[in-house]
Amino acid sequence: QVQLVESGGGLVQPGGSVRLSCVASRLNFSFYTMAWYRQAPGRQREWVASISSGSSTNYADSVKGRFTISRDNAKNTVYLQLNSLKPGDTAVYCCSVPGQDYWGQGTQVAVSS
């Protein structure tokens, strides 16, 4: 069974940065588009960013210019670099394989002074 495990979250001050990682197992990782989603308290889950098998990237308007998605196929890992964080970025961040309904458990990012 495919497993996705996120890490790297924590408490960050406004304007700060954090890098999230998602390691995939039992997945032919390099062939798949990978994505990050987030869910803030009391809100619906929203798409944040995607990276294709060829490393083409797309971002939600709310994070464009601040977040960067990348991948390392040798490590079966997708990353999300979060910069210039705002309190509104507070959420549980999950990685996913779009179209395959594979999801990780998520990692919490809290932006607060």
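What's counted below: heavy atoms across the whole structure, side chains too, no hydrogens, waters or symmetry copies. As the structure is a prediction and not an experimental result, all values here were calculated from the model.
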*Asks:* Do Ser17 and Asn83 pair up side chain to side chain, a donor and an acceptor below 3.5 Å, judged on atom types alone?
*Replies:*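 Yes, a side-chain donor-acceptor pair sits under 3.5 Å.
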*Asks:* Please check this pair: side chain of Gln3 against backbone of Arg26, looking for a donor-acceptor N/O pair closer than 3.5 Å.
*Replies:*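 It does not hold such a pair.
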*Asks:* Please check if atom CD in Gln100 has more than 12 non-hydrogen atoms from other residues, nucleotides or ligands closer than 6.0 Å.
*Replies:*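 Counting other residues, nucleotides and ligands, CD of Gln100 exceeds 12 neighbours.
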*Asks:* Distance from Cys95 atom SG to Ile69 atom CD1, nearest 0.5 Å?
*Replies:*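 Nearest 0.5 Å value for the SG-CD1 distance: 9.0 Å.
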*Asks:* Does the side chain of Thr107 come within less than 4.5 Å of Ser7's, by heavy atoms?
*Replies:*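 Answer no - side chains too far apart.
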*Asks:* Decide yes or no for Thr90 and Arg38: does some side-chain heavy atom of the first lie under 4.5 Å from some side-chain heavy atom of the second?
*Replies:* no
*Asks:* Verify side-chain contact (heavy atoms from CB on, under 4.5 Å) between Phe29 and Met34, making sure each step is shown before the conclusion.
*Replies:* CA-CA 9 Å; Phe29 181 81; Met34 299 295 296; 3.7 Å; yes
*Asks:* Would Arg71 and Tyr79 count as a cation-pi pair here, with the cationic atom under 6.0 angstrom from the ring centre and within 45° of the axis?
*Replies:*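 Output no; distance or angle outside limits.
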*Asks:* Hey, does Ser112 have a side-chain heavy atom less than 4.5 Å from the side chain of Leu11?
*Replies:* yes
*Asks:* What pair of heavy atoms forms the shortest contact from Ser50 to Ala35, and how long is it?
*Replies:*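 So the minimum-distance heavy-atom pair works out to OG-CB, 3.6 Å.
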*Asks:* Are Phe67 and Gln81 side-chain neighbours, meaning at least one heavy-atom pair lies under 4.5 Å?
*Replies:* no
*Asks:* Spell out, as yes or no, whether a donor-acceptor pair under 3.5 Å connects the side chain of Thr77 to the backbone of Lys75.
*Replies:* yes
*Asks:* Nearest 0.5 Å please: distance from the CD atom of Gln44 over to the CD atom of Gln39.
*Replies:*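 The distance works out to 8.0 Å.
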*Asks:* Find the distance between CD (Gln13) and OG (Ser113) and round it off to the nearest 0.5 Å.
*Replies:* 7.0 Å
*Asks:* Less than 4.5 Å apart, any side-chain heavy atom of Arg66 and any of Tyr59?
*Replies:*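 Not touching, per the 4.5 Å side-chain cut-off.
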*Asks:* Side-chain contact test, heavy atoms from C-beta onward, threshold under 4.5 Å: evaluate it for Leu4 versus Val23 and give yes or no.
*Replies:* no
*Asks:* To the nearest 0.5 Å, tell me how far Cys22 SG sits from Tyr93 OH.
*Replies:*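 Separation between the atoms: 15.0 Å.
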*Asks:* Charged N to carboxylate O below 4.0 Å: is that the case for Lys86 and Asp89?
*Replies:* no
*Asks:* State, with a plain yes or no, whether a side-chain heavy atom of Ile51 is found less than 4.5 Å away from one of Thr33.
*Replies:* no
*Asks:* Please tell me if the side chains of Asn76 and Leu27 come closer than 4.5 Å, counting only heavy atoms from C-beta onward.
*Replies:* no
*Asks:* With rounding to the nearest 0.5 angstrom, report the CH2 to CD distance, Trp36 to Glu6.
*Replies:* 5.5 Å
*Asks:* Are Val18 and Val78 connected in a single hydrophobic cluster, I mean Ile/Leu/Val/Met/Phe/Trp/Tyr linked by side-chain heavy atoms less than 4.5 Å apart?
*Replies:*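 Hydrophobic grouping puts Val78 with Val18.
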*Asks:* Output the distance between atom OG (Ser53) and atom CG (Asn73), rounded to the nearest 0.5 Å.
*Replies:*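 One gets 8.5 Å once the value is rounded to the nearest 0.5 Å.
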*Asks:* State plainly whether one hydrophobic cluster holds both Tyr32 and Leu80, where clusters connect Ile, Leu, Val, Met, Phe, Trp and Tyr through side-chain heavy atoms under 4.5 angstrom apart.
*Replies:* yes
*Asks:* Report the hydrophobic cluster partners of Trp103, with the cluster defined as I, L, V, M, F, W, Y residues connected by side-chain heavy atoms closer than 4.5 angstrom, directly or transitively.
*Replies:*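 Members other than Trp103 - counting any ILVMFWY side chain reachable under 4.5 Å - are Tyr37, Trp47.
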